[in-house]
Amino acid sequence: MCARYTIRTPADLLAARFGLDQVPDLRPRYNVAPSQPVPVVGVKAGGQGRGLALFRWGFIPHWAADDSGPKPVNTKVETVVGSSLFGESFRRRRCLVPADGFYEWRTVHKKKVPVRFRLKDDAPFAFAGVWDVWAGPAGKVFTVAILTTTPNDLTRPVHDRMPVILRPEDEAAWLDPAADDPGRLLPLVGPYAADLMAADPVNPALNKASFEGPDCLVAPAPAA
């Protein structure tokens, strides 16, 4: 599961990290939530270079009659190939979702306590995403979902799923428009190495999706 994450990396660093010519001026986000616009990196039309655009987080397939149905933010790697909802996008419409951390919740004394997972060096990374475009009554709506996989040793005590973080060396293969063989793609989307990650206690106030800003990352005071 991945339903909240952070992307605070400045635009110039995102451009350098993901090989982009330019990046719009994105404000730092400390509590990205479903249905919100999120930055997505993909191969430009015609296959010439990469670009970044804002997609709605919550998947709507192109064949949907309307947008009243569920809008999943995640899809499991174990079922994505045969999925009637995601299978075509897995083969044809893959993307990178830049982030620098994600949240999961553990239960402590019947309360939900958030934990932020990140890379040890606090560098930005890419979730493996799939996208689609739906022809809505007001125009095209580009949407995205993030793949999830089994947890690594760091995330397992908190949650039984984790988002797929692609290794930097696998990102080009994931984006390759010519790649549609599950046998080539599925090996890219396993659990990320636990020894390269860290976990931090963070502010329970971010349980509310509207809570935003640097205070999200402030650890709660120790119990007396």
Side-chain angles (χ1 to χ4, degrees), residues 1-10 14 17-18 26-41 52-60 70-77 80 86 95-131 141-152 154-166 189 191-192 194 196-221:
M1 183 70 177
C2 176
R4 304 281 185 83
Y5 69 92
T6 61
I7 176 63
R8 308 158 300 137
T9 308
L14 279 181
R17 168 63 178 79
F18 293 105
L26 303 171
R27 67 185 178 95
R29 294 296 315 281
Y30 294 82
N31 195 9
V32 180
S35 81
Q36 295 176 351
V38 299
V40 169
V41 172
L52 182 147
L54 296 178
F55 287 14
R56 183 191 298 175
W57 190 21
F59 193 86
I60 305 174
K71 303 172 186 64
V73 297
N74 298 146
T75 178
K76 293 182 177 182
V77 299
V80 67
F86 295 106
C95 61
L96 309 178
V97 181
D100 47 38
F102 65 93
Y103 301 113
E104 297 293 357
W105 278 258
R106 70 169 111 220
T107 301
V108 179
H109 302 306
K110 298 183 179 180
K111 293 183 179 180
K112 293 291 187 180
V113 178
V115 177
R116 179 173 178 258
F117 294 95
R118 58 178 175 84
L119 301 189
K120 280 185 175 178
D121 61 3
D122 213 24
F125 55 80
F127 295 130
V130 290
W131 64 274
V141 181
F142 290 81
T143 65
V144 65
I146 293 169
L147 273 71
T148 69
T149 186
T150 53
N152 61 24
L154 182 67
T155 59
R156 185 176 295 110
V158 179
H159 203 280
D160 62 357
R161 305 291 299 176
M162 69 176 293
V164 172
I165 298 174
L166 291 164
V189 290
Y192 201 75
L196 300 180
M197 297 179 63
D200 306 310
V202 287
N203 194 341
L206 68 83
N207 292 359
K208 182 182 291 187
S210 60
F211 188 80
E212 178 59 88
D215 284 350
C216 288
L217 305 187
V218 176

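Note that NZ of K112 is 10.5 Å distant from CD of E104, once rounded to the nearest 0.5 Å. Once rounded to the nearest 0.5 Å, the distance linking CZ of R4 with SG of C216 reads 9.0 Å. Of the inter-residue distances, the one linking L14 atom CG with L26 atom CG reads 6.5 Å to the nearest 0.5 angstrom. How far OH of Y30 is from CD of E212: 8.0 Å, rounded to the nearest 0.5 Å.
Side chains of Y103 and V115 form no contact here, defined as non-hydrogen atoms less than 4.5 Å apart. Looking only at side-chain heavy atoms (C-beta outward), V130 and I146 stay at 4.5 Å or farther from each other. Annotation: side chain of P191 is not in contact with side chain of P151 (no heavy-atom distance under 4.5 Å). Taking the side chain as every heavy atom from C-beta outward, L217 and N203 never approach each other to under 4.5 Å. Annotation: side chain of V144 is in contact with side chain of C95 (closest heavy-atom distance under 4.5 Å). Using a 4.5 Å cut-off on side-chain heavy atoms (C-beta onward), Y192 and L119 make contact. Side-chain contact between P98 and T9: absent, with no pair of heavy atoms (C-beta onward) separated by less than 4.5 Å. Taking 4.5 Å as the limit, every side-chain heavy atom of T148 sits out of range of all side-chain heavy atoms of V77.
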Residues R56, F142; criterion side-chain contact (heavy atoms from CB on, under 4.5 Å); working and verdict: CA-CA 6 Å; R56 183 191 298 175; F142 290 81; over 6 Å; no
Verdict with reasoning, S35 to K71, per side-chain hydrogen bond (donor to acceptor under 3.5 Å, both in side chains): CA-CA 8 Å; S35 81; K71 303 172 186 64; over 6 Å; no
Trace of the side-chain contact (heavy atoms from CB on, under 4.5 Å) decision for F127 with F102: CA-CA 10 Å; F127 295 130; F102 65 93; 3.9 Å; yes
Test side-chain contact (heavy atoms from CB on, under 4.5 Å) applied to V80 and F86, step by step: CA-CA 6 Å; V80 67; F86 295 106; 3.8 Å; yes
Candidate pair M162 and T150, rule side-chain contact (heavy atoms from CB on, under 4.5 Å), full reasoning: CA-CA 6 Å; M162 69 176 293; T150 53; over 6 Å; no
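For W57 and Y5, the gap between ring centers is short of 6.0 Å.
When every heavy atom of L96 is checked against every heavy atom of F18, the shortest pair comes out as CD1-CD2, 3.9 Å. Across all their heavy atoms, P163 and C2 have their closest contact at CB-CB, 3.8 Å. In plain terms, the two heavy atoms of F125 and D100 that are nearest each other are CE2-C, 3.4 Å. For the residue pair N152 and T155, the shortest heavy atom distance occurs at OD1-N, 2.9 Å. Nearest heavy atom pair, residue W131 against residue F59, reads C-CE1, 3.7 Å.
Between the side chains of R161 and T149, no donor N or O sits under 3.5 Å from an acceptor N or O.
Residues meeting the ring pair (Phe, Tyr, Trp, His ring centres under 6.0 Å) test with W105, sequence neighbours left out: none. Remark: P37 engages L54 in a side-chain contact (heavy atoms from CB on, under 4.5 Å) (not counting sequence neighbours).
No donor-acceptor distance shorter than 3.5 angstrom exists from the side chain of D200 to the backbone of A219, with no hydrogens or angles considered. Judged purely by atom type and a 3.5 angstrom limit, N31 uses its side chain to pair as donor or acceptor with the backbone of F211. Panel note: side chain R118, backbone T6; no donor-acceptor pair is recorded below 3.5 Å.
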